[in-house]
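The figures here come from the full heavy-atom set of this structure, side chains too, leaving out hydrogens, waters and symmetry mates. Treat the numbers as computed from the prediction; the structure is a model and nothing was measured. Note that ligands are numbered from 1 as they come in the structure, with each ligand's atoms numbered from 1 the same way.
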Amino acid sequence: MTQAMNIVVIEDNPMHARLIERLLLGVRQAQYQVQVAGDLATGIAAVEEGGVDLVLLDLMLPDSEGLDSFLRLRSRIDPVPIVILTSMDDMELASHAVESGAQDYLVKGQITGELLSRAVRYAIERVRARAEEWRSPMLRLAHQQFLKAAQIIRLEDNLRQRLLFPQRSQVVTLSYRRDEYTQVETVFGYRVQHVLTMGPTKGGVRFHHGVNLGEVTALAMWMTWKCALMHLPFGGAKGGVRVDPGALSKQELQRLSRRYTAEIIDMIGPDKDIPAPDMGTNEQVMAWMMDTYSEQKGYAVPTVVTGKPVVLGGSKGRKEATGQGVVYVVEEAARDRGWDLSERTAVVQGFGNVGYHAARFLSELGVKVRAVSDVEGGVYREDGLDIEGLARHVEEAGTVVGFEGADRVTNQELLEIPCDVLVPAALENQITARNAGELRCRLIAEGANGPTTTEADEILADRGITVLPDLLANAGGVTVSYFEWVQGTQNMMWSLKEVNQRLRQLLQRAYRRVVDRAEAGGTDLRTAALIAGVERVCEAKLIRGLFP
Ligand code: GLU
């Protein structure tokens, strides 16, 4: 006999509370003990007595309302999982609660005994499994976005639960030798494969000091939706190592890259899972990964990674592809608005591979790029920066800061500079409720993954600022990765012109799909892009069927 689970239901409507109690007690596969509290204070007191496994919480209570109810409860009872009970009208509130750490939400009119029981069991499992590794604001954002899309399309619960977490994740502890021979450092590495339904999995490898399993999982989920939106025959994956690559010498970086590859070698392969560059990694790291894999196989296997140097079978145009893709998508949006881009201005946050190429291609179209930044800070010139000159300065100085003829700005000030197009191409979590009201742009093209929070999305929508979401705007990278893989597996070589023509065409089609869907469904572009991705994955899952 399994042990009963203790559930506290905080719900002021006695009819609803009774219904939930009845549903839980009627479930056969699990046993529940249910306590009902009619207000928040009574509910908190009940949980503080101890032994409670989960709380079902209505956000509208006599002594507390809205997100506040959740936050007050959370601060008192962490880490007991909380599932929100919401009405159809308060869905937005419920999704904010998920973003703030609630496990899930259930729409009251749609609850069945089975649905309720699963939500409860899964939420408890999730909190137990999560520990610190899963604690990531990015994962909360990815979950919140997915749950919203799932709700809008009324995704059946079987699929919803299957897609919330990755099919395979590997955590590795790896060691590498510092240049000082006796010193060995041990760090954590990850490879996460979210959906294995539609072909090999695909996604970058990130070297960054903030990486954890939750963050890599969020990024792998986004890769799934991105590949599906673009109609690429891949599921999503991501990898990473929690390390600051800026603190490593080139030799240390090489040893780390090779050891990481060796640790995850059983997971990757041209037909299994194909890594690529992401934050903190580049062509050179891909070359080392390819070499390490090939040494183990005994022959050269260039197709195990994409984003390689061209001389090793990399594709022409891959290095520039993410930035180029951002600009192709901006061109489509500009066409829809009747804009002549040569009369427009832009600001780019980030001057890494994505930010630099986005700035370069924008300025080649005649756009005045007024400001760019990197971790050290930003530079501003009202009439537009000379991007090539700036790139030469960065090569010498290691930062954009100090570029002659430009004023210095902070990263925060940069986001608030008046412009037509803002391209966040650095880190996640940059455009938030704190600064979304201050932005002076008309269009945002997300070069980075997850740069905008849900609250910021709503503020931007109210202010009439359109967001070209990451799933679409930065999909150029993985799309040319796909071209690289196709060229590799067929032993073909395409010209840069061919690559860019195909890239533009795929992005144009995806842009159209997203815009049409947003118009038809009355949603923003992010939700439309997500729904397009989620629906395609679900269709594939259903048609393959569940094994066994
Ligand atoms: N890391 C890139 C992204 O986030 C590209 C992944 C790939 O090329 O596989 O989309």
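- Counting heavy atoms only, Arg318 comes closest to atom 5 (C) of ligand 1 of the residues Arg318, Lys238, Met279.
- Taking only nitrogen or oxygen atoms, main chain and side chain alike, Pro277 reaches within less than 3.5 Å of ligand 1.
- Put simply, the side chain of Ile274 does not reach to within 4.5 Å of the side chain of Thr303, judged on heavy atoms.
- Polar contact check, Asp278 against ligand 1: a nitrogen or oxygen pair lies under 3.5 Å apart.
- The environment of CZ in Arg434 is sparse: at most 12 heavy-atom neighbours from other residues, nucleotides or ligands sit within 6.0 Å.
- Rounded to the nearest 0.5 Å, atoms CD (Gln430) and CG (Leu415) are 6.5 Å apart.
- Using a cut-off of 4.0 Å between Lys/Arg side-chain N and Asp/Glu carboxylate O, Glu99 and Lys148 are scored as not salt-bridged.
- Contact annotation: Gly307 has no heavy atom less than 4.0 Å from any atom of ligand 1.
- Ligand 1 places these atoms under 4.0 Å from at least one heavy atom of Ser481: 7 (C), 8 (O), 9 (O).
- Here the closest heavy-atom approach between residue Val486 and residue Trp494 is recorded as CG1-CZ2, 4.0 Å.
- With salt bridges taken as basic N to acidic carboxylate O contacts below 4.0 Å, none links Asp420 and Arg370.
- Once rounded to the nearest 0.5 Å, the distance linking CE of Met221 with CG of Leu141 reads 10.5 Å.
- Here the NZ atom belonging to Lys202 is positioned 9.5 Å from the NZ atom belonging to Lys238, to the nearest 0.5 angstrom.
- When each atom of ligand 1 is checked for a heavy atom of Gly477 under 4.0 Å away, the hits are 8 (O).
- Closest to atom 9 (O) of ligand 1 among all protein heavy atoms lies Lys202 NZ, 2.8 Å.
- Residue, atom and distance of the protein heavy atom nearest to atom 7 (C) of ligand 1 are Ala276 CB, 3.3 Å.
- In summary, the atoms of ligand 1 found under 4.0 Å from a heavy atom of Met223, numbered by their order in the structure, are 3 (C), 4 (O), 6 (C), 10 (O).
- Looking at atom 10 (O) of ligand 1, its nearest protein heavy atom turns out to be Lys226 NZ, 2.7 Å.
- Residue-level proximity to ligand 1 for Asn449 is carried by the side chain, the only part with a heavy atom below 4.0 angstrom.
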